[in-house]
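Everything below concerns the one structure shown next.
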Amino acid sequence: MGKHAGSFKITYSTMNAELLEDFHQQFDIALAKVKNEIGSEHQNWVNGETIKTGSSKEKHCPTDSTIILGKFAQASRKQTDTAIQAAQNAFVQWNLIGWEKRCKLLLNAAKIIHDRRHYLSAVMSLEVGKNRLEAMGDTEESADLIRYYCQIMAKENGFIRQMGRLTPNENVKGHLVPFGVWGVIAPFNFPLALSAGMAAGAMVTGNTVIFKPSNDAPWTGALLNQIFVDAGIPKGVFNLLSGSGSVVGDELVSNPAVDGLVFTGSKNVGMDIYHRFSKIFPKPCIIEMGGKNPAIVTKTADLEAAAEGIMRSAFGLGGQKCSACSRAYIEEDIFKEFMDILIEKTMAIVIGDPTARETFLGPLINEGAYSSYQSYMESARQDGTVVYGGNVCTGSNLEKGYFVEPAIIKDLPNDHPLVKKELFSPILYVRSVKGFQDALTLANDTEYGLTAGLFSNDKKEIDDFFNSIRAGVTYVNRRSGATTGAWPGVQPFCGWQSSGSTGKGCCGPYYVTQFMREQSRTIMETT
């Protein structure tokens, strides 16, 4: 590593920031500025101007629930319809300016994100509880997603291709063209990266957007809107609507003028959207819905690296990642040795204020997640064994937030809800297995198929893992994250089975094509 943060990019694979004095100094400066802005009121943005609503919602800090980070206007169904109409009106011109000009404007946005990266990361840390490194990784990924999707458009010449001829005077070109208006419904856990990535995928291809940020991350959503405004995105192309899923979200799903939807969140909500969206004819619906991600450790593995990778993937952001490692299958010959290392690493985790330099694990996102964790642990104690942790934190400076311990559990039947269900909590289920094939069978025994990891130095096991695991994102011997840490242009992030709807993932070369449909254009040339 270099001495200064400016010498390299912080990603999810960055193990620590101890040497990054410049990064810490800039983060602290930004954090002080952000704290001075706590409690402000934020309006929605439609057709290039703010719109006021009759109601607002307070966003509380998960670190200290008595702190109100801001008040955010809540859009009505009528205002959502108005935003859809504005996006419709803006669509033709946005499409006609061409992919080169769209890319130029979006690259302006990526540069603004980079320039504001410390401020954006400080807001994110306060708003959703990400530690410093994870918040900066989220911010950097946001800019890289925009850059990567622009790069794909340039590489493919805007997806215009000369086709063959049946006759000498027949000139045919194949075009991928935008659908029109897209609803973008974002989650809280990657509030900038997933929001910017989904929106950029839609906009770079010529579509216009109505963006609904998570109710748990409206501040970051408002800042993304300001970035696009400052980048010069024309009015009506990107519209911000904070509000409830039952109002804004439902209008985006049910309004016939919405041509496409992209959503990241829970399976229950995602499947409901998927089934309700296409009523008259099929419409594109890109859904990413989470995972129950396994890691396998065999007797040939580097156990220290395996324990580090599993710990980081299981407990980073409190397990509140669709890619989090929630199941680990360990070959019986090395089970005890591995568990000793894993518990030692887990015990060393620093829990506390996510904006503090030394913190690894911040709070859960809200009271609902806090209560769910406690319910899960009651079930684990009743039906299995808690190997480590599993309690809420009541120590100094933690009582007002949603702080919990990471938990390692075992001795549950394979059909137990804690083994089958996505928990979005810092809870890792571990099981001893006789060998690699048993582990692979158990790893595949899930309705999900997002990420999976293997720690082994046996070439045949590695080959069998890649060929047999039912997951779209796979890692072998990844110390920085057994199942987490995909990056734009490096690891395409695609969910199979109940994890995704399209078979093509963000961060990859085929993502932007999902926001377009094909049209062949034939001209009979005269001589």
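Each residue takes its place number in the sequence, starting with 1.
- Residue-environment remark: OH (Tyr510) stays at or below the threshold of 12 foreign heavy atoms within 6.0 Å.
- There is a side-chain donor-acceptor pair under 3.5 Å between Ser498 and Glu447.
- Ring geometry, Tyr511 versus Phe515: the interplanar angle exceeds 60°, so the pair is classed perpendicular (tilted spans 30 to 60°).
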Listed pairs under 3.5 Å, donor-acceptor, residues 181-206 side chains, sequence neighbours left out:
unit_1, atom_1, unit_2, atom_2, d
Trp182, NE1, Asn207, OD1, 3.2
Asn189, ND2, Gln320, O, 3.1
Ser195, OG, Pro191, O, 2.7
Thr205, OG1, Gly201, O, 2.9
Thr205, OG1, Ala202, O, 2.8
Thr205, OG1, Asn207, ND2, 3.0

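- Between Asp138 and the choices Lys321, Arg132, Lys130, the salt bridge (Lys or Arg N to Asp or Glu O under 4.0 Å) rule is met once, by Lys130.
- Shown here for Leu106 and Cys150, the closest heavy-atom pair between the two residues is CB-SG, 3.9 Å.
- Within the structure, side-chain hydrogen bond (donor to acceptor under 3.5 Å, both in side chains) pairs that include any residue of residues 270-284 comprise Asp250-Arg276, Asp272-Arg276 (at least two apart or interchain).
- In summary, the side chains of Asn89 and Gln85 do not present any donor paired with an acceptor at a separation below 3.5 Å, with no hydrogens or angles considered.
- Between the side chains of Gln43 and Thr50, no donor N or O sits under 3.5 Å from an acceptor N or O.
- Aromatic pair His118/Phe27: ring centres not closer than 6.0 Å.
- The closest donor-acceptor contact from the side chain of Arg517 to the backbone of Leu176 lies at 3.5 Å or more, if one exists at all.
- Counted by atom type alone, Ser13 and Arg478 present one or more donor-acceptor pairs between their side chains at under 3.5 Å.
- In summary, the side chains of Glu37 and Tyr119 do present a donor paired with an acceptor at a separation below 3.5 Å, with no hydrogens or angles considered.
- In this model, a donor atom of one side chain and an acceptor atom of the other lie less than 3.5 Å apart for Ser121 and Thr139.
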